Structure formats: structure tokens, C-alpha cells
Engineer: 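I have a structure I would like to understand better, so I am pasting it below and will then ask my questions one at a time.
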Amino acid sequence: QVQLVESGGGLVQAGGSLRLSCAASGGLFSTYAMGWFRQAPGRERDFVAAISWGGNTRYADSVKGRFTISRDNAKKTMYLQMNSLQPEDTAVYYCARGTRSYGSTSGFGSWGQGTRVTVSS
């Protein structure tokens with residue numbers, strides 16, 4: 001059973017940057033798609049970015065050009081570099097692992113506990 005632990009959240013001013021990390025343990029990492037999602041207060045969990053096992057990436061329109069997803073398979077860690085942060089980026093950010101080895105970035109089945117990001121105006 002894979003365990004995912006997010007870190008790197010915090011309070012930042014608008015226009016600032018943060019880098020989130022998602023460390024995996026107890027399961028396979030390199031052969032799975034990984035993704036980031038976020039949930040703002042009073043809203044549903046939304047897709048942010050995903051990276052395939054082969055390194056292909058996709059992003060929500062709202063973060064394109066500002067956020068960059070990456071992975072280090074040797075460290076079993078995924079990252080989300082967030083630049084030009086805005087108050088609307090405030091949310092709890094969750095990482096997730098795909099549902100099956102060598103699968104697509106369209107389905108995720110294992111989730112971390114989340115890390116909170118707050119962007120002040």
C-alpha cells in the first residue's frame with residue numbers, strides 16, 4: 001500500500017512562489033502516473049496537474065504557465081513548482097498516484113493528506 005506525504009505548503013504573498021513535494025513510500029512510484037489536485041474552502045477538489053510515468057505533463061488551464069510538475073523517480077518524489085501565486089490559488093493541495101502501473105493520467109486511486117497553501121493579497 002503506497003503512502004503519499006505532501007510538504008512545502010505555507011503562507012505566501014501574491015506574486016510569490018512555493019514548491020510542493022510529494023514523497024511516496026511503501027509502493028511502486030516510477031511506473032505510475034502522479035497528479036496534484038487542490039480543494040479550496042467550500043469547493044470541490046479540482047485537478048491541477050499530472051505527470052505520466054513517461055514524463056508527459058498536463059495542466060489545468062488556470063495554472064498553465066505558472067505551475068510546473070516534475071518527478072524524481074530515484075527519490076520517489078513528485079514536485080509542484082508554483083510561481084506567480086494568486087489568492088485564488090489558496091487551497092489544500094493533494095498529491096495522488098494513478099490507479100495502475102503504466103496507466104494514464106486520467107484516474108487516481110491513492111491520495112495524500114494534503115498540504116495547505118495560503119496566498120495573501
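What you see is a predicted model, and the numbers here were worked out from it, not measured in a lab.
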Engineer: Nearest 0.5 Å, what's the CZ-CE distance between R19 and M82?
Structural biologist: 11.5 Å
Engineer: If you group Ile, Leu, Val, Met, Phe, Trp and Tyr by side-chain heavy-atom gaps below 4.5 Å, do Y93 and Y59 land in one group?
Structural biologist: yes
Engineer: Using side-chain heavy atoms (C-beta onward) and a distance below 4.5 Å, is L20 in contact with Q81?
Structural biologist: no
Engineer: Measuring from atom OG of S121 to atom CD of Q13, what distance do you get when rounded to the nearest 0.5 angstrom?
Structural biologist: 9.5 Å
Engineer: Rounded to the nearest 0.5 Å, what separation is found between the CD atom of Q3 and the OG atom of S25?
Structural biologist: 4.5 Å
Engineer: Under a 4.5 Å cut-off applied to non-hydrogen side-chain atoms, are M78 and C95 in contact?
Structural biologist: yes
Engineer: To the nearest 0.5 Å, what is the distance between CZ on R100 and OG1 on T31?
Structural biologist: 11.0 Å
Engineer: So, applying ring-ring contact (aromatic ring centres under 6.0 Å, His included) with F108, which one of Y94, F37, F47 is it?
Structural biologist: F37
Engineer: State, to 0.1 Å, how close N83 and S17 come at their nearest heavy-atom pair, and which atoms those are.
Structural biologist: OD1-OG, 2.9 Å
Engineer: Side chain to side chain contact (heavy atoms under 4.5 Å, CB included) between W111 and R45: does it pass, once the steps are laid out?
Structural biologist: CA-CA 12 Å; W111 298 84; R45 189 173 299 186; 3.1 Å; yes
Engineer: Side-chain contact, heavy-atom cut-off 4.5 Å: V117 with L18?
Structural biologist: yes
Engineer: Would you check if the side chain of S110 reaches a backbone N or O of A96 as a donor-acceptor pair within less than 3.5 Å?
Structural biologist: no
Engineer: So, taking the atom named CG in N56 and the one named OG in S104, what distance separates them when rounded to the nearest 0.5 Å?
Structural biologist: 11.5 Å
Engineer: Would you please say whether a donor-acceptor pair under 3.5 Å links the side chains of D72 and T77?
Structural biologist: no
Engineer: Quick one: is the NZ or CZ of R71 closer than 6.0 Å to the six-membered ring centre of F29, and within 45° of its axis?
Structural biologist: yes
Engineer: Have a look at R38 and tell me which of D89, T115, D46 forms a side chain to side chain donor-acceptor pair (under 3.5 Å) with it.
Structural biologist: D89
Engineer: Report yes if the side chains of W36 and C22 come closer than 4.5 Å at any heavy-atom pair, otherwise no.
Structural biologist: yes
Engineer: Please check if the side chain of R66 supplies one atom and the backbone of S84 the other of a donor-acceptor pair under 3.5 Å.
Structural biologist: yes
Engineer: Given ring pair (Phe, Tyr, Trp, His ring centres under 6.0 Å), test Y32 with W53 step by step and report yes or no.
Structural biologist: CA-CA 5 Å; Y32 281 79; W53 55 268; over 10 Å; no
Engineer: Roughly how far, to the nearest 0.5 Å, is the CD atom of Q113 from the CG atom of L4?
Structural biologist: 9.5 Å
Engineer: Between R58 and T105, is there a side-chain donor-acceptor contact under 3.5 Å, judged purely by atom types and distance?
Structural biologist: yes
Engineer: Does a side-chain heavy-atom distance below 4.5 Å link F67 with L80?
Structural biologist: yes
Engineer: Hey, quick one: are L85 and Y79 part of the same hydrophobic cluster, counting side-chain heavy atoms closer than 4.5 Å, chains of contacts allowed?
Structural biologist: no
Engineer: Determine the minimum heavy-atom distance between G114 and E6, stating which atoms define it.
Structural biologist: N-OE1, 2.8 Å
